[in-house]
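Counting from 1, the numbers follow the sequence of the chain as shown.
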Amino acid sequence: MENYTELTSVDQWKKVLERSSEKPVLVFKHSTTCPVSAHAYGEFSSFEKQMDRYLVKVIEQRSVSNEIAIDLGIQHQSPQTFLIANGEAVWNASHWKITKKTLDKVTATL
């Protein structure tokens, strides 16, 4: 069972960014053709904390991925994960640094 919502439009992303002012959200940028991203996706999917989580498929939803990079002021990478609060990335990681253990640690105080 999926524990996230897939973002497929820039409007959806903008709403998520606004919602982060009420409570932190986790966003995962995923390349569906990359083995490293497939591994990170498994880590993201196995993360079990009760919080709003979102996935962006970077190849299929390039405009959403690009808008995230612009809005957060963080260069695009994939895979890439962001913890967003009050409209800003308070933490981000990419590639092999995306693990369930790291996600647990970063969100432990939420």
| remark: Exactly one of Ser78, Ser37, Ser65, Ser94 clears side-chain hydrogen bond (donor to acceptor under 3.5 Å, both in side chains) with Lys29, and that residue is Ser65

| query | Between Arg62, Gln61, Lys14, which is the residue that forms a side-chain hydrogen bond (donor to acceptor under 3.5 Å, both in side chains) with Glu67? | reply | Lys14

Is the closest side-chain heavy-atom distance between [X] and [Y] below 4.5 Å?
X      : Y     : result
Ile74  : Gln80 : yes
Tyr4   : Leu26 : no
Leu110 : Leu83 : yes
Asn3   : Arg53 : yes
Trp13  : Asp71 : yes
Lys23  : Asp52 : yes
Ile59  : Ser31 : yes

| Taking only residues two or more places apart in sequence or in another chain, which ones pass salt bridge (charged side-chain N to carboxylate O under 4.0 Å, His left out) with Asp11? | none

| remark: With sequence neighbours left out, the residues meeting salt bridge (charged side-chain N to carboxylate O under 4.0 Å, His left out) with Glu6 are Lys57

| message | Between Ile68 and Val58, is there shared hydrophobic-cluster membership here, with clusters defined by ILVMFWY side-chain heavy atoms closer than 4.5 Å? | response | no

| Leu55, Val16: one ILVMFWY side-chain cluster at the under-4.5 Å cut-off? | no

For residues [X] and [Y], report the shortest heavy-atom separation together with the two atoms involved.
X     : Y      : answer
Ser21 : Gly87  : OG-N, 4.3 Å
Val64 : Thr8   : CG2-C, 3.9 Å
Met51 : Thr107 : SD-CG2, 3.8 Å

Which ring-ring contact (aromatic ring centres under 6.0 Å, His included) pairs, counting each pair once, include a residue from [range], with sequence neighbours left out?
range           : value
residues 14-33  : Phe28-His30, Phe28-Phe44, His30-Tyr41
residues 89-110 : His39-Trp96
residues 45-86  : none

| message | Once side-chain hydrogen bond (donor to acceptor under 3.5 Å, both in side chains) is applied, do any residues pair with Asp104, and if so which ones, sequence neighbours excluded? | response | Lys100

| request: State whether the number of non-hydrogen atoms from other residues, nucleotides or ligands found under 6.0 Å of Gln12 atom CD is greater than 12. | output: yes

| said: Please determine whether the number of non-hydrogen atoms from other residues, nucleotides or ligands lying under 6.0 Å from atom NZ of Lys97 exceeds 12. | reply: no

| said: When you measure from the side chain of Thr102 to the backbone of Ile98, do you find a donor-acceptor pair of N or O atoms at a distance under 3.5 Å? | reply: no

If you measure from [atom1] on [X] to [atom2] on [Y], what distance do you get to the nearest 0.5 Å?
X     : Y     : atom1 : atom2 : value
Glu60 : Thr33 : CD    : OG1   : 8.0 Å
Glu88 : Leu17 : CD    : CG    : 9.5 Å
Asn86 : Glu18 : CG    : CD    : 13.0 Å

